Structures are given as structure tokens and as C-alpha cells.
Amino acid sequence: MPVYIRKGPLEIPTYEEQDWMKDEEGDYFLKDPDQILDSLPQPFRMINKLVNLLFDRAWEIIEEREAAKAITILKIKPTVYLPTKKFQLSSVPNCIAICKDYVFVGSSRGLRVFNSLFNYACVCSWDSVKVEIVSISAAEIGNEVFVATVDEMGIVRLFYFYKEFLYLIKAINEVEDISKQTTCLNLQVSPGGNFMAVLLQGTGDVWLDVYRLPKDSWLKEMEQPHPSFLSKKKISHFHLKSVESADLTDMENHSMKTDIKLSGPVQIMKLKSPKPVTGTPFKSPLEVFQKIEDLSGLGSGQNHMIKDSQLEQQSAIFEMLFKKYLHVECPEESPSVAVFHFLLPGHILMLPTETKVPSDPDQKPDGVWPAAAPITKSAISPCTSYLVLACEDGVITLWDRAQGFLLAVVSLPEGCLCKSLHFMINCENPKEYPFPQFVATSKVQVLVLCTDGSLHLVKSERSKEPSISVIVERSVKHPNETICAVAPISSLPSVVLLFIWDGSVYLMDVTKSQIICELGPPPSYHLGNPWQPVFTLSPEGQHVLIRGDKKDNTNYLRNNYSIFIFKFDSYQLIKTFLSEDKSSHPGSSEISSFTQQLPLDKRCEILLQNRLKKSGKTQHSAPEYLPQLQKSSLFLEKECHKKL
């Protein structure tokens, strides 16, 4: 017995197992002497350790396989649905936009327009071998379409699509001297096509130009007779379908080009980065208050009473206290790129038809919202009432922008950085009023996609604690299952599109964290650029267009690229999901809360159609009442505030 007792003072071991001694030969303290085995002599001791190590590794492999098997049992392979339609392209499609019944595709050889009503036949194009379009935006302006494109050199080109003809309006930043060339970093068109904003970079500076689009002038200029326009004969859709499969040289002969010159956009605003804070030029606080009488630039830190000597003294104190950290090499910070959003002027008020051009385009902000850390991502809800910000420290902040109320502040798990933000449509209260003033009981949901592929859902509700939950965890053992992109579907509340690194596309129910089905191309195709997929959803959310490439891409120039169309109402599982959703929400046939995110005329039309259904009248009589409803929007707003 005394032989097996450890030498030295007897101490009570710590309560944590990792702090226990690891000496296998001498640590016999608190062990049963009858269970002790004699130590084997060499080389049998080494053989024993190798055999035990072999068993341990074999057991680890067994556990991994069992865990993988359990995962495959839980993740049953979903039903795969093939596309309902497709159309082919001879050039590489880089971006897609949908407006009205037309599909605009920006490719490596220019811009092409397809008509969805005629089996996606090519109706016109703007071809250029030297121009590769990488971004495209399309906005409906009346019965026509305004198109803005950005090529790989950062040059912005504006087009006017009129009666299936494509007209080049202007190239915003194209110059002959390449040394004076400015680059477009971002471009957005406001809903309704009234304004356009372009973020430009050049000569070491970044600024934002805002333009008003003269859509009324364009319509008048196009209605005037033009000899060059009348002399051109229109090509039938069936002919253009055969033209699409022809060579590029043949297609250039059929490109719709005329000599009509249209008015360019009018610049109404130029926004620059705020100047660094320097010493005050004011001599008294009275001058400071006189400067901010109109509340211009409130919160920017430009109007203060701090002198240059005080700033220099503060800098000297900082260098003295943190001198040993000043020479530490830090990783280079990536240059920040401004993000901008168009906001509606009110809750239900329409945009003004005319905007006065200020004499000085350089404008100051009406207000500044400070943040505790640099903002990396931001998103605005379609109704522009809610704003969500993601900072580099992982904090997500949700604001009620219309009322200036802070709805939620949550933090992502440690190590997670935000990649994109998406507002989800809430349908938990289907009988809610269609006007966004009634936000006291509204629920806001934001989907957060992180750089590691994890997916999180932020929920916020008035008078309740905000919450954040993990929808999809990070795929550590299977990197090819990492989520690359997410897109909510407006017609399917709580359903999102998931684009996976391995080329898979899933429809997922966020509320249940359940995969509904998979959208897959034909066997001979695969998803093009799965890490940055090329896709777009229709404005009504009824179908999605996804780019697919041939697997055996031997002939690079001949119809190796296709755009696949997936119509959601053509698949049985999606129909079943919609029927279950309607049964769980009996009032979903009435005005639902997602109508808050529609424009005023659409909300009024849906509201009037529901009233006509109850009264037994036809829906075709609804549009004649829209002007009166639009005129009474101010009255509705006052009545809603009274009810609040």
C-alpha cells in the first residue's frame, strides 16, 4: 500500500479536470490499489501506447462518421425543381434587371433586352466589343423604362427604352483624357425613376452626385417626328430570336441605334466627405449658435468652440501616454466606400413631381447620427421607415427612422462580421392596417448574413426585448456548404433564396429553419460564379432569373451561357407551403402587413379592391378612385395620428 502512495505533501486537487497532473507512472493519489496494474517493461510499454493510440484514433473516426451520418439523416435531400424556361446568350452575362415585361442583361459585349411575353426573344441591343457591363439598374418611368449601366472601367451610361427601341442618352463620366477619368463606385435610381445618385472617385477624392431625371422631357422629345426613326423598320420577335444565335458581327447590324439626342440629367446636389475637425474660427458662443440656426450640419462636429491650441495639447497628451503603442505595425485598413439610400419624404406622401435646382449643388447634411464604431453595412426597408446599421465590432442597430426611435441593439457572436443585411416581410398580423403609421405594434425582422457563412435573424417589437437567433450555423467541416448570398422573396413571406458555395440554390423557411426545395439547372449546366451568383427577382416576387453555364465549356463564343427562369407558382411544394401559410393566417387574404412596403397608389388600389370585393363590385372600377385617394393622403395621415 505505501508503495503506491505519491511522495510529497498531500494536497486536494483542483475542481477542474484540466488542472490535474498528467504523470501516468507516479500519480496514484486517490486511486484504488486493487485497480492498479504494474508498469510494463520496455519495449512492451511503447507497444502498448501505440496500440492505445491506434484505438483512440479509430474511435475518433467512428464518431466523425456517425456524426456525419446523423447530419445526413437530419438533412434530407430536398426535392429538386428544374427551370420552367430558359434563353441562351453568346456572351458572358454579368448582371440582370427586370422592369415591366422586359429583361435587361448586361454582358461582356454590351446590353441586350428580352421580352418575357414572347418567349424571352431579344428585341434590341446595344453592342460594343470594348464595353463589359458589370452593373445594371432599371426603373419604370410611365410606360417606358430608364436603364443605367456601369462597365468594368467605372463609366456610367444612361439609356432610354422607348417602344422596344434602346437609346443612349449620355455617358456621365466618360472623358477623352484618361488621366482625368473618374470611376463610379456605386449607382442607384430612386423608386419611380425621379432621381439618380452616382458615387464617383477621382484625383484622391470621393463624392456623391445626385441628378434629377427629366422623364417628361424625354417623352416629349420622343413623340416628335424623326426621319431617322421613321426610316427604320422594326424586326419581328421571331426574327430577333434567330438573330440572338447569330455571330456578333451580324447582331451589330440589327442593334437599335438612332440619331435622336435626348436631354441629359440635371445635377441638383453634390455631397462630399466632411472636413476634418479643426480649430474654431468663432470668437464667441453666439457666433456658433447663429451658424446652426437652420440646424444644418447638426451633429457633424464642425461648429464648436475648441481652439487649435487645445487640439494640439490634446494630441501631445495622447502621444505621451501611448508612445509605446504608436510604432506598432497595424494591418492596413481597407478604404471605406460610402453607402446611400433614397428615402421617401413621409409615411404615405408621394414624391414631389418637380424639384428645384439649388444654386449651390454642395449641400450640408440636415443631421448626423454618430455611431460607436465604423459602419460597415446598412440597409433601409422598402417603406424607408426603418434603418439598420452594422458596425465593424459586430453590433447591429435598428432605428425607426421616421420617428427617430431606437428599436434594437444586438451583438453578433464573437468573430462574426456582417456581410449583408435584409429586411424580412412580417405577416404575423395579416389584419394590420396597410399604412406604416401604425408602428406601435409592428414587428421588424432583419436577416443578417455573416462573412463566415452563418445566418442570423434579428427580431424587434415595441415594448419587448429584441432578440437574435442563429438560423444557419457556420459550416466548419464542410466549407463547400457555405452560404454566399441571400435574397428575401416578397411574394413568399418568411422565405429566402440561399446560394451555396457548391452551386446549390435552396428555398428556405426562416421561421422553421427548414429547406423547402432546391432550384437546380439541367444536368449539363451548373450555377455560374456560385461565390458571386448572377440573379434577380421579379418586382412582384413571382419568379427568379439565375445564370447558368455549361459544364463542358469548350466553345467559348457560342451559346455557352443561359438564363434560367424559375416560376414559383409552378412547383407543388411551394403551392403547399402557401396553402399552409394561408391556413395558419386566415386573414392573409385581406390587407396584410407586407402592403406597408408598397407605394401609396398600390396600397390604395389593394385597399379599394378589398372594399369592392366585400360590396360585390368588380375590381376594374378601382383605378378611377385613385386620384381622390391620393389627394386625401394628407387627411389620412392626420387621422392616423389622431388614432395613435
Side-chain angles (χ1 to χ4, degrees), residues 85-141 144-153 155-171 174 187 218 222 226 228-229 231-262 528 534 536 545 547-549 556-565:
K85 291 183 180 180
K86 75 169 184 178
F87 59 93
Q88 293 181 337
L89 295 166
S90 59
S91 55
V92 182
N94 298 321
C95 49
I96 313 172
I98 300 178
C99 191
K100 297 175 75 68
D101 297 324
Y102 298 93
V103 179
F104 301 86
V105 180
S107 66
S108 58
R109 295 178 181 174
L111 174 64
R112 295 190 179 184
V113 186
F114 300 85
N115 193 333
S116 61
L117 299 179
F118 290 89
N119 201 20
Y120 292 94
C122 181
V123 296
C124 64
S125 66
W126 181 84
D127 292 278
S128 178
V129 180
K130 299 180 180 179
V131 176
E132 181 176 358
I133 297 177
V134 297
S135 176
I136 186 171
S137 300
E140 181 179 351
I141 48 176
E144 315 306 331
V145 180
F146 170 75
V147 183
T149 64
V150 182
D151 63 9
E152 79 284 359
M153 299 298 294
I155 298 176
V156 179
R157 291 179 176 85
L158 309 180
F159 297 88
Y160 187 59
F161 185 68
Y162 178 81
K163 293 184 179 180
E164 295 193 349
F165 284 83
L166 198 60
Y167 301 92
L168 176 62
I169 301 174
K170 184 181 180 181
E174 187 176 18
L187 182 145
W218 291 340
M222 293 304 303
H226 299 279
S228 60
F229 176 77
S231 62
K232 292 190 176 290
K233 295 182 179 180
K234 193 168 183 62
I235 303 176
S236 65
H237 297 291
F238 302 100
H239 183 201
L240 285 169
K241 185 177 180 181
S242 62
V243 168
E244 172 60 23
S245 60
D247 293 335
L248 177 64
T249 57
D250 297 334
M251 188 63 201
E252 288 180 349
N253 297 328
H254 295 285
S255 300
M256 305 301 180
K257 299 180 181 179
T258 61
D259 299 330
I260 301 176
K261 292 184 179 180
L262 300 177
V534 179
T536 186
L545 278 69
R547 167 190 163 183
D549 301 344
Y556 182 75
L557 298 176
R558 302 287 300 186
N559 299 337
N560 289 320
Y561 308 96
S562 298
I563 302 297
F564 296 103
I565 299 95

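Just so you know, these numbers come straight off a predicted model, no measurement behind them.
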**Report entry** Name of the residue among V131, V147, L168 meeting side-chain contact (heavy atoms from CB on, under 4.5 Å) with L111
**Finding:** V147
Query raised in the report: Got a donor-acceptor contact below 3.5 angstrom from the E132 side chain to the E152 backbone?
Result: no
Query raised in the report: To the nearest 0.5 Å, what is the distance between CD (Q88) and CZ (F564)?
Result: 8.0 Å
Report summary line: Smallest heavy-atom separation, A171 atom then I155 atom, equals CB-CG2, 4.4 Å
Query raised in the report: At what distance, to the nearest 0.5 angstrom, does OH of Y162 lie from SG of C124?
Result: 14.0 Å
Report task. With sequence neighbours left out, write down each residue that passes side chain to side chain contact (heavy atoms under 4.5 Å, CB included) with V156, or none if nothing qualifies. Result -> V150, L158, I172, N173, C184, L187, V198
Query raised in the report: Looking at side-chain heavy atoms only, is the closest gap between E174 and R157 below 4.5 Å?
Result: yes
Query raised in the report: Can you name the residues that form a side-chain hydrogen bond (donor to acceptor under 3.5 Å, both in side chains) with E144, not counting sequence neighbours?
Result: none
Query raised in the report: Can the ring centres of F104 and F159 be said to be less than 6.0 Å apart?
Result: no
**Report entry** Contacts of Y102 that satisfy side-chain hydrogen bond (donor to acceptor under 3.5 Å, both in side chains) - sequence neighbours left out
**Finding:** E164
Report summary line: Minimal heavy-atom distance between N94 and S108, with the atoms involved, is ND2-N, 3.9 Å
**Report entry** Full working for ring-ring contact (aromatic ring centres under 6.0 Å, His included) between W218 and F146
**Finding:** CA-CA 10 Å; W218 291 340; F146 170 75; 5.6 Å; yes
Query raised in the report: Less than 4.5 Å apart, any side-chain heavy atom of Y561 and any of V534?
Result: no
Requested in this report: Flag the pair K170 / L262 as yes when at least one side-chain heavy-atom distance between them is below 4.5 Å, and no otherwise.
Outcome: no
Query raised in the report: With side chains defined as the heavy atoms from C-beta onward, is the minimum distance between L89 and V105 less than 4.5 Å?
Result: yes
Report summary line: With sequence neighbours left out, the residues meeting side-chain hydrogen bond (donor to acceptor under 3.5 Å, both in side chains) with S107 are S91
Report summary line: Between G106 and I136, the two heavy atoms sitting closest are N-CD1, 4.4 Å
Query raised in the report: According to the salt bridge (charged side-chain N to carboxylate O under 4.0 Å, His left out) rule, which pairs have a member within residues 93-108, sequence neighbours left out?
Result: K100-E140
Query raised in the report: Of all residues at least two apart in sequence or in a different chain, which pass the side chain to side chain contact (heavy atoms under 4.5 Å, CB included) check with I565?
Result: T84, K85, F87, Y120, H543, L545, K567
Query raised in the report: Can you tell me how far the OG atom of S562 sits from the CZ atom of R547, to the nearest 0.5 Å?
Result: 10.5 Å
**Report entry** Donor-acceptor contact present, side-chain D127 to main-chain G110, <3.5 Å
**Finding:** no
Query raised in the report: Is any side-chain heavy atom of I96 less than 4.5 Å from a side-chain heavy atom of F114?
Result: no
Report summary line: Heavy-atom closest pair (S125 atom, R112 atom, distance to 0.1 Å) is CB-CG, 3.6 Å
